[in-house]
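This one's a predicted model, so the numbers in the text were calculated from it and none came from an experiment. For reference, positions follow the sequence shown, starting with 1.
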Amino acid sequence: APGLRRKSGVSTSIVVAGIIWKWLYNSDGLLNALLQGLGIAGPAWLADTRGVGQVLLGALGIQTQSVWLSEPALALFSVAMVTVWKASPYYMIIYLAGLQGISKELEEAARVDGAGRWRVVRHVIIPGIRPYTLVVTIIATIAAMRTFGEVYVMTGGGPFHRTNLLSYYIYTLGFKYLEVGYAAAVSLILLLIIFAWTPPHFWALAIHRKEEYAKSGVPMLPVTHGEYVTKVHIIVYTIILFMASILPFITGMSGVLYLGAAVVLGSGFLYWSAVLMLKPTTTTAMDTFRYSILYLALLFVALLIDHYLF
């Protein structure tokens with residue numbers, strides 16, 4: 001009808017999206033009805049404690065109890081699909097902006113030089129959208145750390161805590177078990193890690209793009225105070241981040257597995273900060289920026305694995 005707009009997952013409330021997908025995931029829901037039409041018995045998407053690999057092999061008649069195939073749990077995978085569905089239109093808009101910014105002359109020149117469609121995609125389009133991929137990675141990482149609504153509406157952290165993500169874990173500590181002090185401590189540690197990670201992450205990128213920011217008048221630290229001051233700040237914040245990252249072990253939130261991962265990953269970040277300060281090359285700032293993304297993602301993966309397995 002005139003005046004009505006087609007809505008995507010981005011504009012849909014996470015509560016509404018969670019309820020709709022919970023209906024789809026029901027044992028007698030649409031997904032299982034489609035699978036039954038193909039002669040496949042659908043699983044209990046939000047209640048199955050098996051891993052995705054175990055479910056896929058089970059559909060083929062192969063039963064296994066392998067620990068390596070028990071993660072990620074089917075319930076966690078199902079919740080993640082809702083998050084991907086809801087966020088993908090926003091990410092596609094970012095990629096669309098990147099694709100529109102790629103020069104048509106570059107594509108035409110590549111075709112004149114004999115490049116086929118795949119070589120144009122590989123050597124022109126993918127490198128052209130690489131900065132946008134980094135932006136999407138950052139946004140998705142931050143969104144993953146604060147995932148709450150999907151878990152609250154769809155699973156309540158179950159089955160057997162297989163979807164008890166960090167934000168929901170903090171909620172259950174404070175409002176379900178009334179351990180307000182412990183919940184506040186976990187929240188503060190998470191805040192400290194994010195607070196200490198963000199500045200060196202963006203400062204490294206700012207060093208790499210200093211000339212662009214200077215021409216555009218963007219007042220980033222390398223432009224206003226110089227690269228040396230920026231590099232000193234990166235080292236200081238990296239040290240703070242290293243100390244903050246081991247707080248979960250000191251406070252009893254995590255075990256030895258997380259501590260080992262935090263020390264190794266933090267040492268890697270310190271290494272790149274030192275290289276950026278002492279022996280930089282034309283790619284060191286960007287390498288430090290990329291490692292910072294990998295560092296944060298792997299740090300929280302280690303925290304989740306330590307929490308679930310130990």
Side-chain angles (χ1 to χ4, degrees), residues 14-15 17-32 35 40-60 62-87 140-179 182-183 186-187 189-190 248-249 252-262 296-310:
I14 187 58
V15 175
I19 292 174
I20 293 173
W21 276 90
K22 190 174 182 180
W23 287 342
L24 294 175
Y25 281 137
N26 278 342
S27 57
D28 56 350
L30 179 61
L31 289 179
N32 281 352
L35 291 176
I40 303 174
W45 295 93
L46 300 177
D48 202 323
T49 59
R50 295 177 298 169
V52 175
Q54 293 172 332
V55 173
L56 291 176
L57 291 177
L60 298 175
I62 304 173
Q63 302 298 327
T64 178
Q65 300 297 324
S66 173
V67 177
W68 300 104
L69 298 175
S70 63
E71 294 291 344
L74 180 62
L76 182 60
F77 176 81
S78 302
V79 172
M81 288 301 98
V82 178
T83 303
V84 171
W85 169 82
K86 191 175 187 307
T141 301
I142 296 174
M145 289 186 296
R146 60 183 183 84
T147 299
F148 175 80
E150 299 92 321
V151 177
Y152 180 82
V153 173
M154 299 176 66
T155 65
F160 298 103
H161 305 287
R162 300 301 294 275
T163 60
N164 193 12
L165 302 181
L166 187 59
S167 297
Y168 190 80
Y169 176 62
I170 294 173
Y171 164 79
T172 55
L173 283 176
F175 293 95
K176 185 175 181 179
Y177 300 113
L178 299 180
E179 297 183 12
Y182 190 33
V186 176
S187 303
I189 291 173
L190 177 62
F249 175 78
M253 283 175 51
S254 61
V256 178
L257 176 65
Y258 169 80
L259 177 63
L296 188 66
L298 292 181
L299 186 68
F300 281 98
V301 168
L303 184 62
L304 290 174
I305 293 176
D306 184 275
H307 174 69
Y308 286 120
L309 298 184
F310 301 95

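The neighbour count for F148 CZ, taken as heavy atoms of other residues, nucleotides or ligands under 6.0 Å away, is above 12. In the displayed structure, Y182 atom OH is contacted under 6.0 Å by more than 12 heavy atoms of other residues, nucleotides or ligands.
Atom CD1 in I62 sits 10.5 Å away from atom CG in L56 (nearest 0.5 Å). The line from CD1 of I170 to CZ of R146 is 13.5 Å long, rounded to the nearest 0.5 Å. Between atom OG of residue S187 and atom OH of residue Y171 there is a gap of 13.5 Å, rounded to the nearest 0.5 Å. Between L165 atom CG and F300 atom CZ the span is 12.0 Å, to the nearest 0.5 Å. Summarising the geometry, atom CG belonging to L24 is positioned 12.0 Å from atom CD1 belonging to I19; distances are rounded to the nearest 0.5 Å. In this structure, the separation between OH on Y169 and OH on Y177 is 9.5 Å, given to the nearest 0.5 Å.
Counting only heavy atoms from C-beta outward, the side chains of Y168 and T147 never approach each other to under 4.5 Å. By the 4.5 Å heavy-atom criterion applied to side chains, V151 and V79 are counted as neighbours.
Contacts of L35 classified as side-chain contact (heavy atoms from CB on, under 4.5 Å), with partners at least two apart in sequence or in another chain: N32, I40, P43, W45.
Exactly one of T155, T49, L76 qualifies for a side-chain contact (heavy atoms from CB on, under 4.5 Å) with R162. That residue is T49.
Here the shortest heavy-atom pairing between L190 and L166 reads CD1-CD2, 3.8 Å. In plain terms, the two heavy atoms of D306 and Y258 that are nearest each other are OD2-N, 3.2 Å. For the residue pair K22 and M154, the shortest heavy atom distance occurs at CE-O, 3.7 Å. The two residues P159 and A47 make their nearest non-hydrogen contact at CG-O, 3.5 Å. Scanning all heavy atoms of the two residues, the minimum distance from L173 to A183 falls at CB-CB, 3.8 Å.
Here the side chain of Y25 pairs a donor or acceptor atom with the backbone of S78 at under 3.5 angstrom.
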